[in-house]
K.L.:
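Just passing along the structure, written as structure tokens.
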Amino acid sequence: MQIISTRQELTAFAQACQQQHKSIGLVPTMGALHEGHAALVKKSVADNEVTIVSVFVNPTQFNNKEDLAKYPRNQHADAELLASLGADVMFAPTPEEMYSAEEMKETFRFDFGGLDAVMEGKMRPGHFNGVVQVVSRLFYLAKPNRAYFGEKDFQQLAIIHFMVERSELAGTFGDLRIVDCPIVRDKSGLALSSRNARLSEDEKKTALHISKTLFASLEWAKTLSVKEVEDKVIETINAVEGLEIEYYAIVDQTTLQPTTTFNNAIGCVTVYCGQVRLIDNIKY
Ligand code: PAF
């Protein structure tokens with residue numbers, strides 16, 4: 001596996017693959033890789049002749065400096081895992097390599113057709129601008145035929161689909177297809193996340209109540225209204241010592257707007273477990 005750290009090298013690599021008519025799979029990540037990422041990489045390796053994995057903690061998508069500083073980083077272990085999975089390239093640039101000083105100042109503004117007005121977009125102003133800024137740049141550099149994203153970040157996935165299919169950038173990424181990949185959970189049900197590395201053993205046990213409550217809500221949805229299920233999820237999670245809900249919203253999977261029926265609905269949650277901000281979701 002090659003480790004590439006400059007945009008120029010990545011462009012040259014992608015161009016050479018294109019000239020040889022090799023299909024390219026891209027897995028964008030922020031590193032601290034776990035089995036959830038491994039599932040994306042395995043799928044890309046199975047689907048494409050070449051797999052590029054980016055490992056880049058993107059500063060422009062963090063609206064909280066402390067969160068950025070504390071984001072787990074482990075490039076050596078990431079490289080070992082990616083090589084063992086059969087990835088061809090790990091792209092690990094510095095922020096200065098990715099952005100000019102101007103771009104670093106969050107000047108990028110993008111229209112998401114309202115998809116960013118709720119949930120993560122509402123709680124983390126500017127977050128999705130940063131995500132689209134880095135993901136669109138990675139698409140231009142790596143020229144993928146397919147790009148792989150996890151459904152744990154469901155709103156991010158909806159916004160990336162919007163960018164590629166319906167925004168002003170649609171059509172600028174060649175024949176790129178976005179591949180949605182299911183949430184990977186550990187044996188106890190906890191959704192895998194790089195942020196789990198910051199949880200103590202006790203906090204991991206506490207965090208289990210998040211997925212447990214979401215799964216229970218599938219049963220509650222059989223007899224209760226959307227509003228009643230939302231309230232019960234919030235009440236149940238907040239009753240656990242050490243957990244504090246930031247939001248729980250049952251929304252339409254396509255528009256991400258609040259819904260009053262369970263048709264095509266998804267419940268998205270953000271919870272603080274101690275200092276660690278965790279997200280999860282469940283489809284009804
Ligand atoms: O989901 C993530 O890890 C990040 O938001 C992404 C897509 C790699 C962009 O930095």
K.L.:
Looking at CD of Glu235 and CD of Glu228, how far apart are the two atoms once the value is rounded to the nearest 0.5 Å?
P.N.:
11.5 Å
K.L.:
For Glu97, look at atom CD and say whether over 12 heavy atoms of other residues, nucleotides or ligands are found less than 6.0 Å away.
P.N.:
yes
K.L.:
Report yes or no: does Ser193 contribute a side-chain atom to a donor-acceptor pair with the main-chain N or O of Ile279 at less than 3.5 Å?
P.N.:
no
K.L.:
Please collect all salt bridge (Lys or Arg N to Asp or Glu O under 4.0 Å) contacts where either partner lies in residues 214-223, sequence neighbours excluded, each pair once.
P.N.:
Glu219-Lys222
K.L.:
If the condition is side chain to side chain contact (heavy atoms under 4.5 Å, CB included), which residues does Lys232 pass it with, not counting sequence neighbours?
P.N.:
Trp220, Leu224, Thr236
K.L.:
What's the spacing between Leu141 CG and Ser54 OG if we round to 0.5 Å?
P.N.:
10.0 Å
K.L.:
Any chance you could measure Thr29, atom OG1, to Leu138, atom CG, to the nearest 0.5 Å?
P.N.:
9.5 Å
K.L.:
Tell me, please, which residues at least two apart from Leu68 pass side chain to side chain contact (heavy atoms under 4.5 Å, CB included).
P.N.:
Val57, Pro59, Phe62, Arg73
K.L.:
Main chain of Met163, side chain of Glu168: is a donor-acceptor contact present, judged purely on distance under 3.5 Å?
P.N.:
no
K.L.:
Under the salt bridge (Lys or Arg N to Asp or Glu O under 4.0 Å) definition, can you give me all pairs with a residue in residues 274-284, not counting sequence neighbours?
P.N.:
Glu120-Arg277, Glu151-Lys283, Arg185-Asp280, Glu246-Arg277
K.L.:
Rounded to the nearest 0.5 Å, what separates atom CG in Asn74 from atom NE2 in His34?
P.N.:
12.5 Å
K.L.:
Report the C-alpha distance between Gln61 and Asn58 in whole Å, list the side-chain angles of each, state the deciding distance to 0.1 Å, and finish with yes or no for side-chain hydrogen bond (donor to acceptor under 3.5 Å, both in side chains).
P.N.:
CA-CA 6 Å; Gln61 71 187 72; Asn58 174 33; 3.0 Å; yes
K.L.:
Suppose we screen for side chain to side chain contact (heavy atoms under 4.5 Å, CB included). Which residues come up paired with Thr206, at least two apart in sequence or across chains?
P.N.:
Val240, Leu243, Cys273
K.L.:
Do Asp78 and His37 get their side chains close enough for a donor-acceptor pair, meaning under 3.5 Å?
P.N.:
no
K.L.:
Could I get the full list of ring-ring contact (aromatic ring centres under 6.0 Å, His included) partners for Phe149, not counting sequence neighbours?
P.N.:
none
K.L.:
Please determine whether side-chain hydrogen bond (donor to acceptor under 3.5 Å, both in side chains) holds for the pair Glu49 and Ser23, giving the CA-CA distance in whole Å, both sets of side-chain angles, and the decisive distance to 0.1 Å.
P.N.:
CA-CA 5 Å; Glu49 281 150 289; Ser23 57; 3.2 Å; yes
K.L.:
Would the distance check show the side chain of Gln156 and the main-chain N or O of Asp153 forming a donor-acceptor pair, the cut-off being under 3.5 Å?
P.N.:
no
K.L.:
Honestly curious: do Met123 and Ile250 fall in one hydrophobic cluster under the side-chain, below-4.5 Å linking rule?
P.N.:
no
K.L.:
Are any side-chain N or O atoms of Gln155 and backbone N or O atoms of Leu115, one a donor and one an acceptor, separated by less than 3.5 Å?
P.N.:
yes
K.L.:
Atom OG of Ser167 and atom CG of Leu169: how far apart are they, to the nearest 0.5 Å?
P.N.:
4.0 Å
K.L.:
Check the orientation of Phe56 and Tyr99. Use parallel for under 30°, tilted for 30 to 60°, and perpendicular for over 60°.
P.N.:
tilted
K.L.:
Provide the full list of salt bridge (Lys or Arg N to Asp or Glu O under 4.0 Å) pairs with a residue in residues 201-216, sequence neighbours left out, each pair given once.
P.N.:
Glu201-Lys204
K.L.:
Going by side-chain hydrogen bond (donor to acceptor under 3.5 Å, both in side chains), name the residues that satisfy it together with Gln18, two or more places apart in sequence or in a different chain.
P.N.:
none
K.L.:
Given 3.5 Å as the limit, does a donor-acceptor pair link the side chain of Asn145 with the main chain of Asn48, or not?
P.N.:
no
K.L.:
Consider only side-chain N and O atoms of Thr254 and Asn264, and report whether a donor and an acceptor are under 3.5 Å apart.
P.N.:
yes
K.L.:
Would you confirm whether Thr213, through its side chain, and Ile237, through its main-chain N or O, come within 3.5 Å as a donor-acceptor pair?
P.N.:
no
K.L.:
So which residues get pulled into Tyr148's cluster when ILVMFWY side chains under 4.5 Å apart are joined, directly or through others?
P.N.:
Met1, Ile3, Val27, Leu33, Leu40, Val41, Val45, Val53, Val55, Leu81, Leu82, Leu85, Met90, Val179
K.L.:
Thr11 and Tyr140: side-chain hydrogen bond (donor to acceptor under 3.5 Å, both in side chains), yes or no, with the steps?
P.N.:
CA-CA 8 Å; Thr11 307; Tyr140 290 128; over 6 Å; no
K.L.:
Excluding sequence neighbours, so at least two apart, what forms salt bridge (charged side-chain N to carboxylate O under 4.0 Å, His left out) with Glu66?
P.N.:
Lys70
K.L.:
I'd like to know if the side chain of Arg146 and the backbone of Asp47 have a donor-acceptor N/O pair within less than 3.5 Å.
P.N.:
yes
K.L.:
Kindly write out the residues that satisfy ring-ring contact (aromatic ring centres under 6.0 Å, His included) with Tyr272, not counting sequence neighbours, or none if the list is empty.
P.N.:
none
K.L.:
For Gln257, look at atom CD and say whether over 12 heavy atoms of other residues, nucleotides or ligands are found less than 6.0 Å away.
P.N.:
yes
K.L.:
Would you compute the distance between atom CG of Asn281 and atom CD1 of Ile210 and round it to the nearest 0.5 angstrom?
P.N.:
12.0 Å
K.L.:
Taking all heavy atoms of Ser188 and all of Leu208, pick out the closest pair and write down the distance.
P.N.:
OG-CD2, 2.9 Å
K.L.:
Hey, does the side chain of Asp116 reach the backbone of Ile159 with a donor-acceptor pair shorter than 3.5 angstrom?
P.N.:
no
K.L.:
Excluding sequence neighbours, so at least two apart, what forms side chain to side chain contact (heavy atoms under 4.5 Å, CB included) with Gln19?
P.N.:
none
K.L.:
Is there a donor in the side chain of Asn238 and an acceptor in the side chain of Tyr248, or the other way round, less than 3.5 Å apart?
P.N.:
no
K.L.:
Where is the tightest heavy-atom contact between Ala265 and Gln253, given as atom of each residue plus distance?
P.N.:
O-NE2, 3.3 Å
K.L.:
Treating Asp186 as the side-chain partner and Gly189 as the backbone partner, does any N or O pair qualify as donor plus acceptor under 3.5 Å?
P.N.:
yes
K.L.:
Side chain of Asn63, backbone of His127: donor and acceptor closer than 3.5 Å?
P.N.:
no
